[in-house]
Amino acid sequence: MNQQKLAINGARLRQTLEDLSAFGATERRGVTRLALTNEDMNARNYFKEQCEVLGMVVTVDDMGVMYSKLEGKNPDLPAIYVGSHLDSVQKGGRFDGVLGVVAGLEVVRYLVEEDIQPECSIIVVNFTNEEGARFEPSMMASGVIAGKFDKDKMLNTRDTSDITVQEALQDIGYVGLVENRMTHGKAFLELHIEQGPVLEAESLKIGAVECVVGMSCYEIEIRGESNHAGTTPQQMRRDALTAANRCMTALHEKLGKLDPTLVYTMGRFNVFPNIHTVIPNKVVFSLEARHQSAEILQKVEDIIHAIVSGMQGECGQSVKKLWSRETVWFDPDLVHRIEKAAQTLDLSFKRMVSGAGHDAQFISTMMPTAMIFVPSAGGKSHDEDEYTSWEECENGVNLLLETVLELSGSR
């Protein structure tokens with residue numbers, strides 16, 4: 001097979017992405033397609049129709065995950081899974097998740113058109129509720145499949161309208177069978193937009209993702225004493241907000257010097273009693289840190305405890321670790337194959353980490369797994385302005401095709 005022939009149909013890829021963006025389209029060309037809504041159902045039905053036209057068999061598991069199978073010459077061999085998700089956040093973009101599902105569809109279209117039957121089966125996956133925008137937590141279905149979440153608890157999770165996941169699955173007609181779940185395959189590959197600015201800033205076409213970074217989230221509470229805002233002298237106040245401000249400044253100074261690849265966010269901030277005539281008696285804020293090194297995350301925790309405990313005498317204080325996750329490293333051989341495919345296609349690339357969570361991190365406990373990133377314009381995602389050029393989308397799908405051909409012995 002010559003190199004010139006190895007190319008998916010870019011115009012068709014674009015049209016399929018445009019078609020799917022109509023399901024839940026917003027006024028600013030974004031998408032609101034929350035999991036298991038009518039918009040999600042319509043997108044699922046469209047995807048199913050496109051797969052069945054190719055002769056693929058579409059099944060659904062007990063979490064509503066869709067599997068579209070192109071049978072290989074030897075169906076008893078472990079399958080290659082490719083895919084991502086079709087649901088979005090509120091007023092999200094047209095590419096997040098969807099690109100990975102359509103990429104798998106386009107790879108199969110190429111194989112069918114070129115009359116290539118791979119040795120093993122190729123299965124395109126649409127995971128349910130990756131975003132967690134309607135039902136928490138995110139990556140719900142892949143978490144259940146990988147044994148990270150309890151199925152019954154997840155199916156009984158309720159949205160803001162008091163509808164459970166189980167009820168929503170029934171409403172849209174996507175209740176499936178547990179025996180349809182994905183099993184231990186040969187590989188799982190997920191193509192995704194970067195959702196960050198690195199590839200664009202470095203003028204690179206491809207990210208070979210070697211891990212999803214570990215995270216730790218903390219809650220810091222500063223306790224002072226309320227009093228009248230007009231009658232209490234400054235030097236006699238125990239102002240929790242002023243103390244919290246000093247604490248946050250100190251944290252910024254220390255954490256900012258710890259490691260250039262560390263990212264941290266103080267994203268939630270609550271002041272009590274939150275009345276302009278009353279000195280604040282309590283402030284509670286969050287601090288979330290992300291890094292691939294467990295050692296660096298431990299240093300973050302050490303810094304937090306040292307700075308907060310050093311405020312003794314000024315106000316009361318406490319630190320609570322809300323949750324954490326370890327770094328998930330992807331299969332080194334698959335990451336190398338992605339790099340090799342990028343070289344074959346003459347696409348510039350780099351190894352990189354993912355700061356965001358993806359279904360791939362859970363599936364990696366079941367089979368060799370890796371991810372491919374393509375650039376995000378301005379690093380924007382979870383936003384209506386999210387954009388990846390059609391050429392960059394096509395690059396990613398061609399790279400996925402090259403990798404699948406190599407993996408399946410179809411080269």
Side-chain angles (χ1 to χ4, degrees), residues 3-4 6-14 16-18 21 28-30 82 84 92-104 106-107 189-213 256 259-265 290-293 327 329-332 334-358 360 370-406:
Q3 184 59 55
Q4 186 177 0
L6 177 60
I8 55 95
N9 186 325
R12 183 175 58 199
L13 171 69
R14 174 175 179 172
T16 306
L17 289 167
E18 293 277 26
S21 71
R28 292 181 49 223
R29 287 182 59 75
V82 294
S84 193
R94 294 174 290 153
F95 301 89
D96 179 0
V98 180
L99 177 60
V101 177
V102 175
E106 193 59 40
V107 165
L189 297 167
E190 183 172 3
L191 171 65
H192 208 280
I193 59 171
E194 180 193 348
Q195 300 181 283
V198 175
L199 290 174
E200 182 184 58
E202 298 184 17
S203 300
L204 297 172
K205 300 297 184 184
I206 296 294
V209 185
E210 55 183 352
C211 73
V212 174
V213 302
D259 187 276
T261 60
L262 171 71
V263 293
Y264 61 92
T265 305
R290 306 188 186 206
H291 198 275
Q292 61 264 41
S293 167
T327 295
W329 294 94
F330 292 136
D331 183 77
L334 279 183
V335 176
H336 175 69
R337 285 176 182 269
I338 290 167
E339 291 176 312
K340 183 181 176 183
Q343 291 173 330
T344 299
L345 299 179
D346 196 26
L347 295 171
S348 57
F349 67 94
K350 70 175 292 183
R351 286 202 176 201
M352 59 192 309
V353 304
S354 174
H358 298 281
M371 293 189 69
I372 302 163
F373 276 172
V374 288
S376 294
K380 283 196 171 185
S381 185
H382 284 190
D383 183 270
E384 292 169 297
D385 291 332
E386 172 187 284
Y387 182 70
T388 296
S389 74
W390 303 117
E391 178 186 356
E392 288 164 336
C393 290
E394 193 173 339
N395 287 339
V397 181
N398 277 324
L399 180 67
L400 179 67
L401 171 61
E402 174 74 19
T403 308
V404 168
L405 288 172
E406 291 287 346

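Every value quoted in this text rests on a predicted model; they were computed, and no experiment measured them.
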Which heavy-atom pair separates M352 from G207 by the least distance, and what is that distance?
SD-CA, 3.5 Å
Approximate separation, where rounding is to 0.5 Å, of L400 CG and L191 CG:
6.0 Å
Give me the ring orientation class for F95 and Y387: parallel if the planes are under 30° apart, tilted from 30 to 60°, perpendicular past 60°.
perpendicular
Considering all heavy atoms, the nearest K380-D385 contact:
NZ-OD2, 3.5 Å
Backbone N/O of G378 and side chain of E200: donor-acceptor pair under 3.5 Å
yes
Does A341 offer a backbone N or O that forms a donor-acceptor pair with the side chain of E406 under 3.5 Å?
no
List the atom of I338, the atom of M371, and the distance in Å for their closest heavy-atom pair.
CD1-O, 3.7 Å
Give, for atom CD of Q343 and atom CG of L399, the distance between the pair rounded to the nearest 0.5 Å.
11.0 Å
For V335 and V209, the nearest pair of non-hydrogen atoms, with its separation, is CG2-O, 3.6 Å
Could you tell me whether the side chains of S84 and E190 share a donor-acceptor contact shorter than 3.5 Å?
yes
Is it the case that the side chain of N398 and the backbone of I8 share a donor-acceptor pair, with hydrogens and angles ignored and the cut-off at 3.5 Å?
yes
Provide the closest heavy-atom pair for K205 versus P375 in the form atom of the first, atom of the second, distance.
O-CD, 3.3 Å
Separation of E392 CD from L99 CG (nearest 0.5 Å)
11.0 Å
Output yes when a side-chain donor or acceptor of E386 lies under 3.5 Å from a complementary backbone atom of R94, and no otherwise.
yes
So does V212 get a backbone contact from the side chain of S354, meaning a donor-acceptor N/O pair under 3.5 Å?
no
Could you report the tightest heavy-atom contact between V353 and F373, atom names first, then the distance?
O-CE1, 4.2 Å
Ionic contact status for E202 with K350, cut-off 4.0 Å
yes
Hey, could you give me the CD1/CG distance between I372 and L334, rounded to the nearest 0.5 Å?
9.5 Å
Salt-bridge test for R14 and E106: reply yes if a basic N is under 4.0 Å from a carboxylate O, no otherwise.
no
